[in-house]
Amino acid sequence: MAKNATRDLTVGSPMKLILSFMLPLLFGLLFQQFYSMVDTVVVGKFLGVDALAGVGSTGSINFLVLGLCNGVCAGFAIPVAQKFGQKDFEGLRRFVGNMIWLGTVIALIVTLATTTLCASILRWMDTPEETFSYAHDYIWVIFLGIPATMLYNLLSGIIRSLGDSRTPLVFLILSSLLNVALDILFIVAFGMGVAGAGWATLLSQLISGIACLGFMVKRFPLLHLSREDLRFRGVYARHLLNMGLPMGLQYSITAIGSILLQTAVNGLGASAMAAVTAGSKVTALCACPYDAIGTTAATYAGQNLGAAKPERIHQGVRACTVLGVIYAAVIFAFMYFYGRQLSLMFLDARDGAAVETIGRLSQRFLLVNLAFYVPLLFVNLLRFTIQGLGFSELAVVAGVFEMIARGVFGLCLVPWLGFNAVCFASPAAWVMADLFLFPAYRFCMRKRGYRFEKSKLCQSKA
């Protein structure tokens, strides 16, 4: 049973492999979004619009900090995938051993910094006074849970690197269901307010991470580490940091633009804040297939790079493109008719006129973003493929393009054009990133020995 837990992505049909690997990832992401949405629904229904706006206003800073941690974990997993593709299992275990050391240090540093500076960060973001206490009570607990988040993401990244995307799904489902139960218990039964939503997330992540660790020890003998594997090695640590830090910085740099945009949204009032919160939750749910495609692309590219099969990497990119374009058309059509109803589920109908305004704004926000989902597809697909190819630093540049676009909208266009500029900020960021990612992908593939069809045609004519 343990042998079947891993999956070799270097042989077989790319489309079939990608689908079989991606679908468990997708279900896991959907459950992750599900319990994130439950936080928002419970807060909005039981604590009101100001509480909803306060929790929603932490989304960009949450993305900045947790994106850094999750990006580092994803980057750490790429050398593991490459070693698995090379069948170098000793090197694989030594990378895992050094991941443990680095992950622990990073988690402690980030937790200490964010919990200490939490109030100051919210002040810098110009969080309105009526929503400030809600925002602070929620995000401080989320920051306190960073070690639990790092634990789960490190372990799930390692497991996915070995070709197993199903096991992390099981523990995400566990975490999601537990989070729902704890949300209701802490907020409704115990009256803990928005902090209860934070504690529910923290505890569910921690329990899921510990359960994942125990299961991994039993099911993956390949990952049984000796004392020698756990010894800190500078060469392995440097390689991990060279892969992980750029991926983490990519998310953080992108999030800086989101923070600038959120600061501008905060200036538009609680209704606009709540509309962006509701619309963002729905768009994040809709974007799960693209997140799954990105994570799949990184593992798929990493294993095939290790096996020296660059042609399979390009075949995988084509397969993912077909899947992503079809999905973009389907989800836009669906949300055109049902997006408003999904946005309104975050609100209490008793809020009357505020609900009508928020529903109208969130529907506009949602449809504009969905109309640009093909550019979002390539942001995820090409960026993660580039990372799997070993060029994580280029992903940082793509993040800079996204940051610039959102920053320009937040600082210049939202004060001028209002909520309409908020709707177009992320689409502009995706298009800007793609303008860099397409040539960067071709450059990286050529560096790894792949020759594109145009070059082959030219050679045949010659």
Out of the candidates Arg93, Arg94, Lys83, only one should pair with Asp88 under the salt bridge (charged side-chain N to carboxylate O under 4.0 Å, His left out) rule; please name it.
Lys83

Hey, is the main chain of Arg231 close enough, under 3.5 Å, to the side chain of Trp101 for a donor-acceptor pair?
no

Closest approach of Leu394 to Ala440 (non-hydrogen atoms, all atoms of both residues)
CD1-CB, 4.5 Å

Quickly, which of Thr385, Ile293, Leu382, Leu19 forms a side chain to side chain contact (heavy atoms under 4.5 Å, CB included) with Cys320? Name it, please.
Ile293

Please tell me whether Asn179 and Thr201 have a donor and an acceptor in their side chains that are separated by less than 3.5 angstrom.
yes

Under 3.5 Å donor-acceptor, Ser161 side chain and Ala77 backbone
yes

Under 3.5 Å, side chain of Asp164 to main-chain N/O of Arg160, donor-acceptor pair present?
no

Is the number of heavy atoms from other residues, nucleotides or ligands within 6.0 Å of CZ (Phe132) greater than 12?
yes

Using modelled atom types and a 3.5 Å cut-off, is there a donor and acceptor pairing between side-chain atoms of Thr299 and backbone atoms of Thr296?
no

Side-chain contact test, heavy atoms from C-beta onward, threshold under 4.5 Å: evaluate it for Ile159 versus Cys212 and give yes or no.
yes

Arg448 side chain vs Leu389 backbone, donor-acceptor pair below 3.5 Å
yes

Backbone N/O of Pro168 and side chain of Tyr152: donor-acceptor pair under 3.5 Å
yes

Might you work through the side-chain contact (heavy atoms from CB on, under 4.5 Å) test for Phe215 and Val170, ending with a clear yes or no?
CA-CA 11 Å; Phe215 189 82; Val170 173; over 6 Å; no

Taking C-beta and beyond as the side chain, do Cys286 and Tyr327 meet within less than 4.5 Å on heavy atoms?
yes

Closer than 4.0 angstrom, basic N to acidic O: yes or no for Arg233 and Glu228?
yes

Shortest non-hydrogen pair, Ala398 vs Leu437, comes out as CB-CD2, 3.7 Å

Using ring centroids (six-membered ring only for Trp), state whether Phe409 and Phe424 fall under 6.0 Å.
no

Is it true that the side chains of Arg406 and Ser426 contain a donor and an acceptor less than 3.5 Å apart?
yes

Any idea which heavy atoms bring Gln303 and Thr10 closest together, and the distance?
O-CG2, 3.4 Å

Is the closest side-chain heavy-atom distance between Met15 and Leu323 below 4.5 Å?
yes

Measure from the side-chain N and O atoms of Ser20 to the backbone N and O of Lys16, and report whether any donor-acceptor pair falls under 3.5 Å.
yes

Minimum side-chain heavy-atom gap Tyr300-Pro14 below 4.5 Å:
yes

In terms of heavy-atom contacts, Cys69 and Val110 come closest through SG-CG1, 4.1 Å

Report the distance from atom CG of Leu30 to atom CG of Leu26, rounding to the nearest 0.5 Å.
4.5 Å

Do Ser226 and Asp229 have side-chain N/O donor and acceptor atoms under 3.5 Å apart?
yes

Counting only N and O atoms by type, is there a donor-acceptor contact under 3.5 Å from the side chain of Ser208 to the main-chain atoms of Gln205?
no

Write down the atom of Gly193, the atom of Ile187, and the distance for their closest heavy-atom approach.
O-CG1, 3.4 Å

Using a 4.5 Å cut-off on heavy atoms from C-beta on, say whether the side chain of Phe143 contacts that of Thr111.
no

Polar side chain donor-acceptor pair, Arg312 to Asn304, under 3.5 angstrom
yes

Between Tyr290 and Tyr373, does the ring centroid distance fall short of 6.0 Å?
yes

Heavy-atom distance under 4.5 Å between the side chains of His314 and Met445, does that happen here?
yes

Closest non-hydrogen atom pair between Cys118 and Ile139, with its separation:
SG-CG2, 3.3 Å

Could you check whether any side-chain heavy atom of Ser13 comes within less than 4.5 Å of a side-chain heavy atom of Leu17, counting everything from C-beta outward?
no

From Leu178 CG over to Asp183 CG, what is the distance, rounded to the nearest 0.5 angstrom?
10.0 Å

Examine distances only and state if a side-chain atom of His239 and a backbone atom of Pro79 form a donor-acceptor pair shorter than 3.5 Å.
no

Could you check whether any side-chain N or O of Asn369 sits under 3.5 Å from a backbone N or O of Phe365, counting only pairs where one atom can act as donor and the other as acceptor?
yes

Geometric cation-pi criterion, Arg383 with Phe436: 6.0 Å, 45°:
no

Would Lys87 pass as a cation-pi partner of Phe89, given that its NZ or CZ must be under 6.0 Å from the six-membered ring centre and within 45 degrees of the axis?
no

For the ring pair Phe95 and Phe76, is the centre-to-centre distance below 6.0 Å?
no

Close side-chain approach of Arg446 to Tyr441, heavy-atom, < 4.5 Å
no

